Amino acid sequence: MRPFLASCLGAACSAAIALPSAPDAVAVAVAVAGPGTGTVAGTGTVIGTGTGAGTGAGARPPAPDPERTDPERTDPKRTDPERTGPEHTGELPGSTQSLPVATLDAPVPQSTDRDTASAPTPRALGLPPRTVRPFSLLGVVWDDARAELGARVQVRTRATGSHVWSGWQDVQAHNDDAPDPGNAERRDSAVRGSTAPLWVGDSDAVQLRITPEPGHRGPVTVPRGLRLELVDPGRRPGTDRSARTDPPAPLGPEATAASAANSKFAPLGATEIPAADRAAAQADLSAVGGTHPDRTAVGPRPRIITRAGWGADEKLREKSFLYNKTVRAAFVHHSGSGNNYTCAQAPSLIRAMYRFHVKSNHWRDIGYNFLVDKCGTVYEGRAGGVAKPVMGAHTLGFNDASTGIAVLGTFTDSEPPKPAIDAISRLTSWKLGLYGVDPRAKIQLLSSGSNRYPKGAKVQMNTLSGHRDGFTTDCPGAHLYSKLAAARQTAAQLQGRR
């Protein structure tokens, strides 16, 4: 989900700083372009261009500082603390650690910082290797959702309980999935800008560096309030062996509401919605208001894992649901979270992404309406009902009257698995069919404002489009995007169209 051209959307851009290029094996210092032009988002540590222990890609991780292994902090913009583990709030398992990253005019950390063996360079961007509480997904956030990071973000992590560090991994720095400008999700919360979240697996140490994009020359605009977010998805309810003999816990009001939105397809608290053939799926039209005798081209309903099935903590999201008037198109995305997950880990990845979208991005819920893993399993995304026109936060400028489907993974350089493509066809044949939409057709949509189409522009698109059709981005990746033409034809055939 990386735009080809980075830009600062809106008036509140940050000061420019110089990020001089440096070899891959060392961390990169940041030079101030002018005095007094920036701030620090909390008390952070920085990394420099020295080659001391802990700065190289192959360096042995330093000994942890006992005082710094639980670095979660409180975010003043929200009434709930960022320290969100169950031991603090009574929520389902899962937590977010939020580490401030020093920006302009950062104070120079003292050499007593035990997370690095050499004195850091002033005014640098990044974090030296440090031990933290276990996490599996990470991303960088900043204060102004309209600002672009405009730099390269890389991390390496250490597998929990080991001395094995990963190599440097790129984090997609431009996350263009977002709520539309001016809608309730933007107005009612302090929405943050962010990178795409990256799944790194069970880890207990991390190192971060932020450098210029390859080939970039001159100052780089870096937004204020940079923080590295480390997300532990927690254990899915019911997977704890010791709890399997206990009776099911009663549903809370939020979980009841989320499950009741799918009451026409499954009983309250169900962990999945069963598949239905095309004939049976015609009855699903009642879930979108009436019989609609003119809508006979409804594809077979796919099996869908509900929010209860992947273990959503319904207390995290906003209580109310947001709906569009209808669904006229579907946008396909890749999540940008990498391909290093197993199908068994997909529920954990979705829980982590959900927590990142809500706790770190400050969205009302997970952004996508549906998610698909590499094995072709379909998951319910944003709460409100799988058949209903739930407003998502997936295609900036076109969240109105659309549904968003994210394939878990990154397909810029990798081929998407065939089961995932088949799942897109099945899902869109059903979802678009409920609203009388032919997946092969073109439709005119009204932009609410994006970096490709200004607010008020009338844009002709395919009813089954890729994210890049509405926003200047490489999402859903060239390899996934190239499969959409065939997916349209398959979806139409599943609807019974010729």
Side-chain angles (χ1 to χ4, degrees), residues 14-33 38-62 64-65 68 71 73 97-111 113-132 135 138-142 149-158 165-173 193-196 198 200 203 205-214 216 219-230:
S14 301
I17 60 174
L19 285 168
S21 300
D24 287 343
V26 298
V28 178
V30 180
V32 181
T39 62
V40 155
T43 305
T45 55
V46 297
I47 52 177
T49 55
T51 57
T55 60
R60 185 178 182 85
D65 185 338
R68 308 188 69 166
R73 308 180 69 88
Q97 300 172 72
S98 187
L99 307 179
V101 178
T103 58
L104 301 180
D105 294 339
V108 181
Q110 299 300 312
S111 59
D113 182 349
R114 293 177 58 192
D115 279 334
T116 180
S118 60
T121 301
R123 298 183 177 97
L125 282 182
L127 289 173
R130 62 188 300 173
T131 297
V132 294
F135 69 98
L138 57 79
V140 174
V141 299
W142 51 90
L149 181 54
R152 185 181 189 184
V153 179
Q154 293 178 296
V155 295
R156 65 188 192 113
T157 56
R158 186 181 66 195
W165 282 78
S166 71
W168 286 105
Q169 300 184 73
D170 282 300
V171 181
Q172 291 200 10
S194 77
T195 66
L198 177 68
V200 294
S203 306
V206 65
Q207 182 177 3
L208 167 73
R209 66 185 183 190
I210 300 177
T211 65
E213 293 280 5
H216 181 86
V220 175
T221 298
V222 176
R224 303 171 190 269
L226 290 171
R227 304 181 76 90
L228 176 64
E229 306 282 290
L230 308 176

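Please read all numbers here as calculations on a predicted model, not as lab measurements.
Residues Ala196 and Val171 share a closest heavy-atom pair of O-CG1, 3.4 Å. The shortest heavy-atom contact between Ala173 and Val153 is CB-CG2, 4.3 Å. Closest approach of Thr211 and Ala151 over heavy atoms only: O-CB, 3.3 Å. Nearest heavy-atom pair across Pro100 and Leu127 is O-CD2, 4.0 Å. The two residues Pro214 and Arg152 have their closest heavy-atom pair at CG-NH1, 3.9 Å. Contact between Phe135 and Thr157 at its shortest, heavy atoms only, is CZ-CG2, 3.9 Å.
Taking CD of Gln169 as the reference point, atom CD of Gln154 lies at 10.0 Å (rounded to 0.5 Å). Interatomic distance, CH2 of Trp168 versus CZ of Arg209, reported as 4.5 Å (0.5 Å rounding). Considering CD of Glu229 and CG of Leu138, their distance stands at 10.0 Å, rounded to 0.5 Å.
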- Evaluate side-chain contact (heavy atoms from CB on, under 4.5 Å) for Val140 paired with Leu208, printing each intermediate quantity in order. CA-CA 10 Å; Val140 174; Leu208 167 73; 4.3 Å; yes
- Message: One pair to check against side-chain contact (heavy atoms from CB on, under 4.5 Å): Ser203 and Arg158. What are the steps and the verdict?
- Response: CA-CA 5 Å; Ser203 306; Arg158 186 181 66 195; 5.9 Å; no
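Between Trp142 and the choices Val101, Val222, Thr195, the side-chain contact (heavy atoms from CB on, under 4.5 Å) rule is met once, by Thr195.
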